[in-house]
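Below is one structure, written out as structure tokens, with a few remarks after it.
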Protein chains: 2
Amino acid sequence: MIFRHYDIDNMSAMENRYRTKFINSLSGFKSVNLIGTQGLDGTPNVAIFSSVVHLGASPALVGFIMRPDNGDRHTLENIMKTKNYTINQVSADFYQAAHQTSARYERDANEFDKSGLSAQNIDNFNAPFVKESRLKYSVKLKEIVPITVNDTLFIIGEITRVICDEQAIQPDGFIDIEYLNTVSVSGLDSYHTTESLSRLSYAKPDLPLTILNTNGTIKV
Amino acid sequence: MIFRHYDIDNMSAMENRYRTKFINSLSGFKSVNLIGTQGLDGTPNVAIFSSVVHLGASPALVGFIMRPDNGDRHTLENIMKTKNYTINQVSADFYQAAHQTSARYERDANEFDKSGLSAQNIDNFNAPFVKESRLKYSVKLKEIVPITVNDTLFIIGEITRVICDEQAIQPDGFIDIEYLNTVSVSGLDSYHTTESLSRLSYAKPDLPLTILNTNGTIKV
């Protein structure tokens with residue numbers, strides 16, 4: 001195996017699109033989620049994000065990174081006005097439609113129609129869910145943290161309602177998102193399904209790990 | 001398909017460990033990375049994180065979430081003292097050793113020895129790499145952003161050197177981390193390898209997507 005080394009100068013010298021693809025590959029596999037919002041006039045918006053990250057379970061908090069200077073702008077404007085949004089996991093059967101939402105549509109475009117996804121309104125909540133998604137939740141805005149070092153924003157919200165295909169929910173609370181065919185992304189544009197290695201027991205010093213089945217029982 | 005709904009009260013009523021596993025499943029597939037640090041006396045430390053997230057390509061920035069009140073404390077102390085750390089992607093052949101680093105070892109324990117991973121020192125950089133990792137990089141601390149809503153920290157750094165198995169680097173800059181057998185995690189403890197669906201072209205309004213091969217060429 002031959003390792004290639006790149007220092008800061010090597011990275012600076014990379015052609016822009018090359019560097020974007022290269023650096024985007026470094027963090028590992030990323031989550032793929034559609035964020036649903038609507039304007040005050042009810043115009044629905046949906047956009048794909050690969051930066052949704054778990055922040056805490058109690059309260060249930062989730063964050064994601066936004067770049068206000070590009071296509072994320074409509075999503076940001078809507079969230080600041082309505083204070084609510086939805087996050088919807090993307091399954092393999094609609095990953096191409098999800099990717100299409102990243103195109104830079106005009107302000108009044110309905111990305112659901114453009115991409116072929118279906119908006120789903122539930123109990124008059126003021127943000128649309130993605131009907132095709134098998135694991136989705138509503139989120140209430142809690143805080144927008146400016147990341148000054150590169151003018152991005154870290155958007156933090158509390159999960160207020162979870163909607164999930166009940167077949168995926170395991171006895172110990174774990175949700176089998178592989179069963180839901182949830183995809184992940186590497187780099188900017190490479191989509192993947194998964195194959196389970198195993199679950200592992202809670203690690204303790206000086207004790208060997210136990211291999212677990214998907215349902216949390218010990219693998220024998 | 002039957003969907004189950006959970007509101008805030010349902011989530012609050014969940015037993016603690018059940019809720020932790022449930023909420024941790026919501027964000028989707030997460031990256032798996034080992035973060036290497038050392039104390040001022042040179043004691044190496046390595047710990048697993050599932051919250052590393054891409055922040056920007058130019059400058060090359062990466063962030064991750066820390067919980068100072070639990071096992072992440074040693075990593076945090078070291079980063080604050082030395083200002084440097086390494087991030088190392090985890091491959092399927094050592095995911096169990098990587099998971100073992102999450103055990104709460106004593107301050108002076110060497111998690112490399114405890115888990116069976118190998119520390120790799122390169123050019124006197126003051127943080128250890130993980131020898132087994134096929135894609136790893138050094139990071140210089142730029143900013144620690146407090147997330148006041150749940151007392152976590154968002155640690156932001158600039159990528160200063162990348163070391164990667166050259167076989168994975170594609171002609172357009174994309175790194176094929178599936179070829180590296182990089183794993184992802186869902187929930188707290190479920191590890192997965194991946195299977196590629198496709199790469200997709202940059203999305204544009206009113207134009208169909210093009211399916212791409214891993215090397216960036218058009219799939220025919």
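Just so it is clear, the model here is predicted, and its values are computed rather than measured. Chain naming here is simple, since letters A, B, ... match the order of the sequence lines and numbering starts at 1 in each.
In this structure, the portion of Asn33(A) lying under 4.5 Å from any heavy atom of chain B is its side chain and not its backbone. Heavy atoms closer than 4.5 Å to chain A are found in both the backbone and the side chain of Val183(B). Heavy atoms closer than 4.5 Å to chain A are found in the backbone of Ser201(B), but not in its side chain.
Each of Thr194(B), Val32(B), Thr193(B) was evaluated against Phe29(A); a single residue qualifies, Thr194(B), per the side-chain contact (heavy atoms from CB on, under 4.5 Å) test.
Near-neighbour residues of residues 52-62 of chain A relative to chain B, defined by a heavy atom under 4.5 Å from a heavy atom of that chain, comprise Val52(A), Val53(A), His54(A), Leu55(A), Gly56(A), Ala57(A), Ser58(A), Ala60(A), Leu61(A).
Using a 4.0 Å cut-off between a side-chain N of Lys or Arg and a carboxylate O of Asp or Glu, Asp7(A) and Arg161(B) do not qualify as a salt bridge. Salt bridge status for Lys21(A) with Asp172(B): present, with a side-chain N to carboxylate O gap under 4.0 Å.
Judged purely by distance below 3.5 Å, without hydrogens or angles, the side chains of Tyr202(B) and Ser102(A) never pair a donor atom with an acceptor atom. Between the side chains of His192(B) and Glu195(A), no donor-acceptor pair is found at a separation under 3.5 Å.
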**Asked** So Tyr95(A) and Ser198(B), side chain to side chain donor-acceptor pair (under 3.5 Å) or not? Walk me through it.
**Response** CA-CA 10 Å; Tyr95(A) 82 102; Ser198(B) 76; 2.8 Å; yes
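In terms of modelled atom types and a separation under 3.5 Å, the side chain of Ser25(B) and the main chain of Ile175(A) share a donor-acceptor contact.
Contact record, Asp206(A) with Tyr105(B): N-CE2, 4.4 Å, taken as the closest heavy-atom pair.
With sequence neighbours left out, the salt bridge (Lys or Arg N to Asp or Glu O under 4.0 Å) criterion links Glu158(B) to Lys142(B).
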